[in-house]
Amino acid sequence: MSPAQRALPALTRRTAPAPATGALPSRETIVAFIADSTEKVGKREIAKAFDVKGSDRIELKRILKEIEEDGAIERGRGGFSKAGRLPPVVLADIFSRDRDGELVARPAQWEAKDGEAPRITVQMPRGGRKANRPAPGIGDRALIRVEPDGDTSNRYTGRIVKVIGKNKSEVIGIYRQGGNNGRDGGRLVPVEKRSQGREIAIPPGEEGEARDGDLVSVSLESETRFGLPKGRVRQRLGSLGSEKAVSLIALHLHNIPHVFAKDTQAEADDVKEVGLKGREDWRDVPLITIDPPDAKDHDDAVMAEPDPDPKNEGGFIVTVAIADVAAYVRPGSALDREALMRGNSVYFPDRVVPMLPERISNDLCSLRENEDRPALAVRMVIAADGTKRRHTFHRVMMRSRAKLAYAQAQAAIDGRPDDTTTPLLAPVLRPLYAAYEALKQARDARGPLALDLPERKVLLAPDGSVDRVIVPERLEAHRLIEEFMIQANVAAAETLEAAKSPLIYRVHDEPALEKLRALGEVLASIGIKLPRGDVLRPSLFNRILGSVAETEHAIFINEVILRTQAQAIYSSQNLGHFGLNLRRYAHFTSPIRRYADLIVHRALIAAGRLGSDGLPSDTTVGMLDAVGEQISAAERRAMAAERETIDRLIAHHLADRIGATFMGRISGVTRAGMFVKLAETGADGFIPASTIGADFYRHDETRHALVGDRTGETFRLGDTVEVKLVEAAAVAGALRFEILSEGRSGSSRPGPGGRPKFHKAKSKQTSYGPPGTASKRGKPPAAGRNTPNRKRGSRG
């Protein structure tokens, strides 16, 4: 079992050498005391420990200076430390995770001439992090209390004292070779949006093994008021010779492991198929898989049949079978440690970074058509009104009857079966859809949050470039599988609660009070009053969404309500799932790609006595808290990486369309300007407030809008606008637009937020005419508002 899955012992304070009370300690005693201390040690602490008083303090100061000059001890911000050792508390940068999933840090200040930087394994506190304290993650800079790990001076264990912020001294970017065939050094083009336009000079001899176009990691060595900051290439991360490698940027920027360790891969290669022994034989049960057409792994299979029990007239027996990953990935194994470290699979348009090696995910645990596969299955008895009457879990050997795509299954039900679905239509597909119709009644009665925000999918050409961006059609087949999976997840949580087993829930807390207040102010701006009630439920938001459906405010209010919601996380504490309106919910249905589901599978195996490979008996809530925190962070990391990769691909796709005009919607409003999401591609770009027009714009937080101080012209979240593309930074995935549409007319009075926040551009002389002819924003008059050549677009 990995350290994240077991209780972590607290650091113990080392015992200092017994002081010679009233006498000056020897040099050896002082060095030993400094070396053994786990607290900050300065002259004051040494004097207090050895009861040094009066004039003896002057002599102690002289002794300490001699010891320091001899090189036996070192003085730093954390006080004295033994030479070659880190001080008890050190400022460090968290840069990676080890094989056990533990965070690894190195000192923030370390000279290369001093050799390899010490490695600090960061241990999380017992029972998870404290409330209101941010969880540390890769890229963070923190104060860490450390102690040596064994006899080596280069390895330490440590505990977080305080997270300071992000490490800004290390930059990921593209290396561009300088002149004279690289002998003049080069430059780094950062890949992060916030660093765009801020290149870093790489002096000759500091480029390491980097070649032109490589993705590299650079440490920022010096920065001045004038000229470019200077850096040194620390690591060559890979070549970006083609667009197919664009996801490589996100992998390294977010420290996502994408190459399996040798022992993990070897363990996967040596895994042997499990047999029927100890399992129920379900190979004749007509289970089928329904997935996207390009799916490489199939981890869930479904079936339904009318319930023959006369006491459940009109009811169904619904079965969901999930690949039995726990049979191959055992607690504490190399496969398990790396799966925990990865947390989940990451999906890019050009590649998938799996949580488990392909031998497991695409072979042994993929429910392939007509092949025997082990599974953990739940059989649910559903009443005619869709309510679940009871359920049971089974460890089985199954054989998928067919592999169908969503559109293929839907076409068969809609009267267009093909050669594969024709024989399945009556015995398999129609009972599935009939059972779904029953479940849909219960879902509608439950009333989960019903946001309507289309999701886009980027399709690539064979060379890795963007072919097109589509909004896949939402079919009843999608909703059927989704509802079956939700019911299976609920059944898993109920079973483990009844067994009093520790588990990891998927929790979604209700919206925070301050966000509800903000939503009320937004609704008031369009004449809608936020309903008041004693209990907050999704139905409240659904009534709001229903009231604006088919109006110009529909997308705007969907966006605002989405932003009102809390973020779903993994936790051993059950907070319920607000969005699904469920009291208990756990992820059970995708153990191939989510570590949380693997934990739930093991818990079900142990609770149901279905084998010896379940959750270890000494697993505690505190251990699962640590796991939940880690995999929640991995999920956020994956989401950010996937989003940024799509941004980079689309920015590259649009780079040759500078000057083109597009329709879009305002997707975000800040003090600095507006974000616009294009209707054509779903790409987000930025419009700086200083370029909007001949007025001063303030950010009205309550209305999610920028409002002109003089004219009252308003640009609000959700408004439809026409924009012109003026810049596309493909490496960073950043687009910059110019607004062509006029905003809404309105009052220039400050909103409920109080005093206006002005966005006045700096005065500057332009080359468009003599002094005094520049516009208020330093632009040529032709680009200002109310000029004949300005396009007028939608007013949203």
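The residues of the chain are indexed from 1 along the displayed sequence.
Side-chain atoms of Asn574 do not come within 3.5 Å of backbone N or O of Arg584 as any donor-acceptor pair. Checking side-chain atoms of His587 against main-chain N and O of Asn489 turns up no donor-acceptor pair under 3.5 Å. Side-chain atoms of Glu642 come within 3.5 Å of backbone N or O of Tyr347 as a donor-acceptor pair. For the pair Ser345 (side chain) and Met355 (backbone), a donor-acceptor distance under 3.5 Å is present. The main-chain N or O of His298 is found under 3.5 Å from a side-chain atom of Ser366 such that the two form a donor-acceptor pair. No donor-acceptor pair under 3.5 Å is formed between the side chain of Thr421 and the backbone N or O of Pro417. Looking at Arg279, its side chain does come within 3.5 Å of a backbone N or O of Val396 through a donor-acceptor pair. Under the 3.5 Å distance criterion, the side-chain polar atoms of Arg342 are matched with a main-chain donor or acceptor of Pro354. Judged by distance alone, the side chain of Asp613 and the main-chain N or O of Arg330 form no donor-acceptor pair under 3.5 Å. Of the possible donor and acceptor atoms, one in the side chain of Thr619 sits under 3.5 Å from a partner among the backbone N and O of Pro616.
Between atom SG of residue Cys365 and atom CD1 of residue Ile360 there is a gap of 5.5 Å, rounded to the nearest 0.5 Å. Atom CZ of Phe484 and atom CE of Met303 lie 10.0 Å apart (nearest 0.5 Å). Distance CG/Leu276 to CG/Asp372: 8.5 Å, rounded to 0.5 Å. Here CD1 of Ile470 is found 13.5 Å from OG1 of Thr681. Values are rounded to the nearest 0.5 Å. Residue Ile486 holds its CD1 atom at 6.0 Å from CZ of Arg446, rounded to the nearest 0.5 Å. With rounding to the nearest 0.5 Å, the separation of OG1 in Thr289 from NZ in Lys403 is 7.5 Å.
Inter-residue side-chain proximity for Ile481 and Tyr406 is flagged as met; some heavy-atom pair is nearer than 4.5 Å. Contact annotation: the side chain of Arg602 approaches that of Asp336 to within less than 4.5 Å [non-hydrogen atoms, C-beta and beyond]. Counting only heavy atoms from C-beta outward, the side chains of Val325 and His601 never approach each other to under 4.5 Å. Looking only at side-chain heavy atoms (C-beta outward), Gln573 and Val621 come within less than 4.5 Å of each other. Counting heavy atoms from C-beta outward, Val669 and Arg716 have side chains that stay 4.5 Å or more apart. Considering only heavy atoms from C-beta on, Ile557 comes within 4.5 Å of Ile526 through its side chain. Here the side chains of Ile413 and Glu476 are not in contact, with every heavy-atom distance at 4.5 Å or above. With contacts defined as side-chain heavy-atom distances shorter than 4.5 Å, the pair Leu459/Lys457 qualifies.
Donor-acceptor pairing under 3.5 Å is recorded for the side chains of Glu483 and Gln487. A donor-acceptor pair shorter than 3.5 Å can be found between the side chains of Arg389 and Asn312. Between the side chains of Asp625 and Ser572, at least one donor N or O lies within less than 3.5 Å of an accepting N or O. At a cut-off of 3.5 Å, with distance as the only test, no side-chain donor of Glu635 or Tyr595 sits close to an acceptor on the other residue. Side-chain contact, Tyr505 with Glu497: a donor N or O sits under 3.5 Å from an acceptor N or O.
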Stepwise side-chain contact (heavy atoms from CB on, under 4.5 Å) check, Tyr570 with Val627: CA-CA 9 Å; Tyr570 294 105; Val627 173; over 6 Å; no
Verdict with supporting geometry, Met485 and Asp300, side-chain contact (heavy atoms from CB on, under 4.5 Å): CA-CA 9 Å; Met485 297 304 115; Asp300 58 82; 4.0 Å; yes
Stepwise salt bridge (charged side-chain N to carboxylate O under 4.0 Å, His left out) test for Arg373 and Asp324: CA-CA 8 Å; Arg373 287 291 183 267; Asp324 192 354; over 6 Å; no
Residue pair Ile631, Leu340: steps toward the side-chain contact (heavy atoms from CB on, under 4.5 Å) verdict: CA-CA 7 Å; Ile631 60 181; Leu340 172 59; 4.1 Å; yes
From CA spacing to verdict: side-chain contact (heavy atoms from CB on, under 4.5 Å), Val507, Ile569: CA-CA 6 Å; Val507 300; Ile569 61 170; 3.5 Å; yes
Chi angles and distances behind the side chain to side chain donor-acceptor pair (under 3.5 Å) call for Gln410, Tyr433: CA-CA 10 Å; Gln410 190 64 49; Tyr433 275 77; 3.0 Å; yes
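For Lys311 and Asp309, the salt-bridge test fails: no basic side-chain N is under 4.0 Å from an acidic carboxylate O. Lys440 has a carboxylate O that lies under 4.0 Å from a charged side-chain N of Glu437, or vice versa, which qualifies the two as a salt bridge. Of the charged side-chain nitrogens involved, none lies within less than 4.0 Å of a carboxylate oxygen, so that Arg379 and Glu280 do not count as a salt-bridged pair. A salt bridge does not link Glu559 with Arg665: every distance from a Lys NZ or Arg NE/NH1/NH2 to an Asp or Glu carboxylate oxygen is 4.0 Å or more. With respect to the salt-bridge test (charged N to carboxylate O, under 4.0 angstrom), the residues Arg593 and Asp297 do not qualify. In this structure, Arg479 does not pair ionically with Glu482, as no charged nitrogen and carboxylate oxygen lie closer than 4.0 Å.
Across every non-hydrogen atom of Ala438 and Ala383, the tightest pair is CB-O, 4.1 Å. Of all heavy-atom pairs between Leu598 and Pro591, the closest is N-CB, 4.0 Å. The minimum heavy-atom distance between Leu439 and Gly386, with the atom names listed, is CD2-O, 3.5 Å. Nearest heavy-atom pair, Ala638 versus Val346, reported as atom, atom and distance to 0.1 Å: CB-CG2, 3.8 Å. Among all heavy-atom pairs drawn from Leu356 and Ile592, the shortest one is CD1-O, 3.8 Å. Annotation for Glu473 and His478: closest pair O-CE1, 3.4 Å, computed over non-hydrogen atoms.
Residues in residues 537-548 take part in no side-chain hydrogen bond (donor to acceptor under 3.5 Å, both in side chains) pair, two or more places apart or across chains.
In this structure, the ring of Phe556 has its center no less than 6.0 angstrom from the ring center of His704.
Within a 6.0 Å sphere centred on CZ of Arg474, heavy atoms belonging to other residues, nucleotides or ligands number more than 12. No more than 12 heavy atoms of other residues, nucleotides or ligands shown are found within 6.0 angstrom of CD1 on Ile555. Crowding of Glu358 atom CD: a count of heavy atoms from other residues, nucleotides or ligands under 6.0 Å not exceeding 12. In Asp284, the CG atom is not crowded: 12 or fewer heavy atoms of neighbouring residues, nucleotides or ligands sit closer than 6.0 Å.
Using the six-membered ring where Trp is involved, Phe393 and Phe588 have ring planes that are perpendicular, over 60° apart on the 30 and 60° scheme.
Qualifying side-chain contact (heavy atoms from CB on, under 4.5 Å) partners for Leu610, counting only residues two or more places apart in sequence or in other chains: Leu376, Arg395, Ile605. For Tyr328, the ring-ring contact (aromatic ring centres under 6.0 Å, His included) criterion is met by no residue, not counting sequence neighbours.
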